[in-house]
Amino acid sequence: MKLKRIFCFIIILAMMTALFSCSRQQELPEDEPEPYTPPAPQSVTVTDSDGRTVTTSQTNGDIVSVGYEATSLLIALGAKGRITGAQMQDDALPLIRKAYPEIENLPAVTDKSGKILTDKIKELNPGLVILTGDYASHLEELEQAGLTVAVVRFETVEQVKSSAELIGRLSNTDRTAEQLSAFYDSSLTRLKTLTMTEDKKTVTVYNDDPLLTALLSYLNCEISPQGDYTVARAADNISGSITAPCKIEPWDEPSVALVLGLYWYACELFPDAVSIDEVTQKAINFYSEFYGVKFTAADLGINA
């Protein structure tokens with residue numbers, strides 16, 4: 001009899017344990033993704049835009065960014081908190097001020113003429129200095145001062161993508177860099193597919209601008225001295241030409257936003273394939289996703 005009671009007790013205990021376990025499992029959310037935690041800063045070896053091998057120290061957390069495009073990309077990738085010094089902000093474009101107003105409080109590492117203040121950068125003692133192509137002439141000077149320097153360039157779509165990958169590795173924001181590159185790839189594929197179904201457009205590029213020529217090569221265009229359309233940069237102020245918006249930042253200058261310039265030209269040249277509404281929404285989504293800023297069409301300088 002005692003054995004029977006003991007046996008019953010064991011069965012009841014097992015059933016209660018199973019019931020408790022099931023209730024605990026039901027309390028837990030199913031398929032809840034674990035939060036993403038980026039790895040700690042570590043030594044990284046990369047090849048920069050000029051083909052130089054750059055190796056950072058293990059404590060490469062602080063970054064001095066010299067050049068609008070590099071600063072913009074750091075912000076877009078979510079690494080603005082790593083910036084400890086940047087170029088003087090007197091001429092900063094509205095996007096930077098809107099996306100990262102705290103940049104006004106950072107030490108300026110250039111003077112009003114654009115000259116790099118090497119002593120100021122040494123004083124900040126960053127783990128890394130990032131230079132855009134406009135400041136690449138200061139590379140040797142900074143390296144002689146014992147600083148680790150990487151050069152990034154943005155003159156073509158491919159350079160924007162490779163610079164995003166490069167800074168993503170250097171700033172420990174690889175995942176966002178991959179998302180930015182994916183946005184470029186999907187946009188290029190879509191625009192090429194849409195415009196190829198349209199009649200080829202003959203376009204004159206003002207002053208044989210290499211950047212605009214490279215952008216138009218992704219569309220169904222033929223570059224000709226006597227084209228039916230003329231494309232120029234907004235800053236050139238050429239009457240009757242197709243120019244990209246430049247209210248918050250120019251889409252026709254080397255920058256992270258080159259892909260938006262490409263959307264704009266596609267819309268202007270192939271309006272039946274790419275609508276102004278699509279361009280506007282792509283731009284709004286782009287700045288919201290990567291810069292955390294919500295713009296309207298009017299903010300962007302688009303008259304839809």
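Only this structure's heavy atoms are used, side chains among them; waters, hydrogens and symmetry mates stay out.
Atoms CG and OH, from Leu191 and Tyr263 in turn, are 5.0 Å apart once rounded to the nearest 0.5 Å. The CG atom of Leu147 lies 8.0 Å from the CG atom of Asn125; values are rounded to the nearest 0.5 Å. We find the CG-CG distance between Asp119 and Leu124 to be 11.0 Å, quoted to the nearest 0.5 Å. In this structure, Leu260 CG and Ser187 OG are separated by 8.0 Å, a value rounded to the nearest 0.5 Å. Distance CD/Gln87 to CD1/Ile96: 7.5 Å, rounded to 0.5 Å. Atom CG of residue Asn172 and atom CG of residue Leu77 lie 11.5 Å apart, to the nearest 0.5 angstrom.
Taking the six-membered ring where the residue is Trp, Phe183 and Phe286 present tilted rings, their angle falling between 30° and 60°.
Trp251 and Tyr229 fall within the same hydrophobic cluster, where Ile, Leu, Val, Met, Phe, Trp and Tyr residues are linked whenever their side-chain heavy atoms come under 4.5 Å apart, directly or through other members. Hydrophobic clustering (ILVMFWY, side-chain heavy atoms < 4.5 Å, transitive): Ile63 and Val256 are in one cluster. Following chains of ILVMFWY side-chain contacts shorter than 4.5 Å, one can reach Val293 starting from Ile284, so the two form part of one hydrophobic cluster. Under a hydrophobic clustering in which Ile, Leu, Val, Met, Phe, Trp and Tyr are joined whenever their side-chain heavy atoms come within less than 4.5 Å, directly or via other members, Tyr100 and Val152 fall into the same cluster. There is a path of hydrophobic side-chain contacts, each under 4.5 Å, that joins Val160 to Ile75.
A donor-acceptor pair is defined here as one N or O able to donate and one able to accept, closer than 3.5 Å; such a pair exists between the side chain of Thr110 and the backbone of Met88. Side-chain atoms of Lys98 do not come within 3.5 Å of backbone N or O of Ile248 as any donor-acceptor pair. With Arg82 contributing its side chain and Ser171 its backbone, the two residues share a donor-acceptor pair below 3.5 Å. Here the side chain of Arg169 pairs a donor or acceptor atom with the backbone of Thr45 at under 3.5 angstrom. Looking at Asn220, its side chain does come within 3.5 Å of a backbone N or O of Glu198 through a donor-acceptor pair. Using modelled atom types, one side-chain atom of Asp209 and one backbone atom of Leu211 make a donor-acceptor pair closer than 3.5 Å. Using modelled atom types, one side-chain atom of Tyr184 and one backbone atom of Val259 make a donor-acceptor pair closer than 3.5 Å. Side-chain atoms of Ser241 never come within 3.5 Å of backbone atoms of Val231 as a donor-acceptor pair (strictly under, hydrogens ignored). Here the side chain of Thr243 pairs no donor or acceptor atom with the backbone of Arg233 at under 3.5 angstrom. Counting only distance, with no hydrogens or angles, the side chain of Asp236 and the backbone of Ile238 share no donor-acceptor pair below 3.5 Å.
Residues Leu128 and Ile130 approach most closely at CD2-CG1, 3.8 Å, considering heavy atoms. Shortest non-hydrogen contact noted between Thr280 and Ala297 is CG2-CB, 3.7 Å. Closest approach of Ser224 and Thr202 over heavy atoms only: CB-CG2, 3.5 Å. A pairwise comparison of heavy atoms in Cys221 and Leu216 identifies CB-O, 3.9 Å as the closest pair. Here the closest heavy-atom approach between residue Ala136 and residue Val151 is recorded as CB-CG1, 4.2 Å. Smallest separation of non-hydrogen atoms from Thr71 and Ile103: CG2-CD1, 3.6 Å.
A donor-acceptor pair shorter than 3.5 Å cannot be found between the side chains of Ser181 and Glu165. For the 3.5 Å distance criterion, the side chains of Thr195 and Tyr218 fail to qualify, holding no donor opposite an acceptor. The closest side-chain donor-acceptor pair between Asp134 and Thr132, if any, does not fall under 3.5 angstrom. No hydrogens or angles considered: nothing links the side chains of Tyr68 and Glu253 as a donor-acceptor pair under 3.5 Å.
The shortest side-chain heavy-atom distance between Thr118 and Gln144 does not fall under the 4.5 Å cut-off. Put simply, the side chain of Ser163 reaches to within 4.5 Å of the side chain of Ser49, judged on heavy atoms. Considering only heavy atoms from C-beta on, Phe295 stays 4.5 Å or farther from Lys247 through its side chain. Under the 4.5 Å side-chain criterion, counting only non-hydrogen atoms from C-beta, Leu212 is not in contact with Asn207. Side-chain contact between Ile223 and Asp208 is absent, with no heavy atoms from C-beta onward closer than 4.5 Å. Looking at heavy atoms from C-beta onward, Leu215 lies in side-chain contact with Val157 at the 4.5 angstrom threshold. Using a 4.5 Å heavy-atom cutoff, the side chains of Leu262 and Leu188 are in contact. Looking only at side-chain heavy atoms (C-beta outward), Asp50 and Arg153 come within less than 4.5 Å of each other.
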For side chain to side chain contact (heavy atoms under 4.5 Å, CB included), just list the numbers for Ile116 and Val66, CA-CA rounded to whole Å, side-chain angles, deciding distance to a tenth of an Å, and then say yes or no.
-> CA-CA 8 Å; Ile116 283 184; Val66 192; 3.9 Å; yes

Criterion side chain to side chain contact (heavy atoms under 4.5 Å, CB included) on Val54 and Val149, from CA distance to verdict = CA-CA 7 Å; Val54 179; Val149 186; over 6 Å; no

I would like to know whether Leu258 and Phe154 meet side chain to side chain contact (heavy atoms under 4.5 Å, CB included); could you show each step before the answer?
-> CA-CA 9 Å; Leu258 270 184; Phe154 297 80; 5.7 Å; no

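A salt bridge is defined here as a Lys NZ or Arg NE, NH1 or NH2 lying under 4.0 Å from an Asp or Glu carboxylate O, and Glu123 with Lys120 meets this definition. The existence of a salt bridge linking Asp48 and Arg52 is confirmed by a sub-4.0 Å separation between a basic side-chain nitrogen and an acidic carboxylate oxygen. Between Lys294 and Asp299 there is no salt bridge, since no side-chain N of the basic residue sits under 4.0 Å from a carboxylate O of the acidic one.
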For residues 265-275, dump all side-chain donor-acceptor pairs below 3.5 Å to protein atoms at least two apart in sequence or in another chain.
unit_1, atom_1, unit_2, atom_2, d
Ser275, OG, Glu278, N, 3.1

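Paired with Asn285 under the rule side chain to side chain donor-acceptor pair (under 3.5 Å), one option of Glu289, Gln281, Lys282 passes, and it is Gln281.
Listed by chain and number, the residues in a side chain to side chain donor-acceptor pair (under 3.5 Å) with Glu222 amount to none (sequence neighbours excluded).
Evaluation of the ring pair (Phe, Tyr, Trp, His ring centres under 6.0 Å) test over residues 108-136, restricted to residues two or more places apart or in two chains, returns none.
Dense packing is recorded around CD of Glu102, with more than 12 heavy atoms of other residues, nucleotides or ligands lying under 6.0 Å away.
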